[in-house]
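Since we're looking at a predicted model, the values are computed, not measured.
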Amino acid sequence: MKSEIEKVLTMVQEGKIDAEKGSELIQVLNDKEQSTSVRSLNHTSLKPSSYTDKTLKIRVKSAESDNVNVNLPIKLVKVVLAAGHNIASKIPQSEQYVKDINIDLILEAIENELDGQIVDVKSANGDTVSIVIE
């Protein structure tokens with residue numbers, strides 16, 4: 001399934017489909033895998049899903065009051081994180097806010113089910129970016 005998700009992300013990055021359609025396709029793939037996993041694990045204990053019920057919160061506070069608050073379910077984050085960062089880094093207005101964010105570090109934190117603050121970036125002109133899993 002990982003290869004199918006990578007194909008969808010590639011299509012988003014290449015502009016063949018928009019991010020919303022990509023998200024829908026990935027959700028269908030995830031739902032399909034979950035239903036297959038549940039059937040194959042019949043009597044085996046499943047890992048608690050409490051971590052996947054958490055939210056990744058991104059807060060951008062600008063010195064010019066151009067503030068952004070984004071709340072994303074962890075289930076969706078892994079799928080669209082790299083694509084979203086790639087897109088944001090190409091937009092002049094947002095490039096300055098995302099250029100110092102290490103996406104690989106965030107993905108690793110999610111894989112290891114980390115909680116709390118993951119990223120805290122402060123610029124010289126007073127802009128801040130924080131990413132928290134709660």
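- In this structure the side chain of Leu56 never reaches within 4.5 angstrom of the side chain of Glu134, judged on heavy atoms.
- Using a 4.5 Å heavy-atom cutoff, the side chains of Ile26 and Leu9 are in contact.
- Summarising the geometry, atom CG belonging to Asp115 is positioned 3.0 Å from atom NZ belonging to Lys54; distances are rounded to the nearest 0.5 Å.
- Of all heavy-atom pairs spanning Arg59 and Asn69, the tightest one is CD-OD1, 2.7 Å.
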Given the rule in the side chain to side chain contact (heavy atoms under 4.5 Å, CB included) test, do Val129 and Lys61 qualify, once you have shown the distances and angles that lead to the verdict? CA-CA 6 Å; Val129 176; Lys61 295 184 181 178; over 6 Å; no
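- Leu72 and Ile74 fall within a single hydrophobic cluster, where Ile, Leu, Val, Met, Phe, Trp and Tyr are joined by side-chain heavy atoms under 4.5 Å apart, directly or via other members.
- What you find for Lys21 and Asp18 is that their closest heavy atoms are N-OD1, 2.7 Å.
- Leu114 and Val121 fall into different hydrophobic clusters, where Ile, Leu, Val, Met, Phe, Trp and Tyr are joined by side-chain heavy atoms under 4.5 Å apart, directly or via other members.
- With sequence neighbours excluded, the residues that form a side chain to side chain donor-acceptor pair (under 3.5 Å) with Ser123 are Asn125.
- The shortest distance between side-chain heavy atoms of Ile17 and Glu24 does not fall below 4.5 Å.
- Proximity of Gln117 to Asp120: side-chain heavy atoms (C-beta onward) are separated by under 4.5 Å at one or more points.
- Closest of all the heavy-atom pairs between Ser62 and Asp127 is CA-OD1, 3.2 Å.
- Within the 4.5 Å cutoff, no side-chain heavy atoms of Val132 are placed close to those of Ile118.
- For the pairing with Lys57, the side chain to side chain contact (heavy atoms under 4.5 Å, CB included) check across Asn71, Ile131, Val70 returns one residue only, Asn71.
- Looking at Ile133 and Thr55, their side chains never come closer than 4.5 Å, going by heavy atoms from C-beta outward.
- Around the CD atom of Glu14, the shell of radius 6.0 Å holds more than 12 heavy atoms that belong to other residues, nucleotides or ligands.
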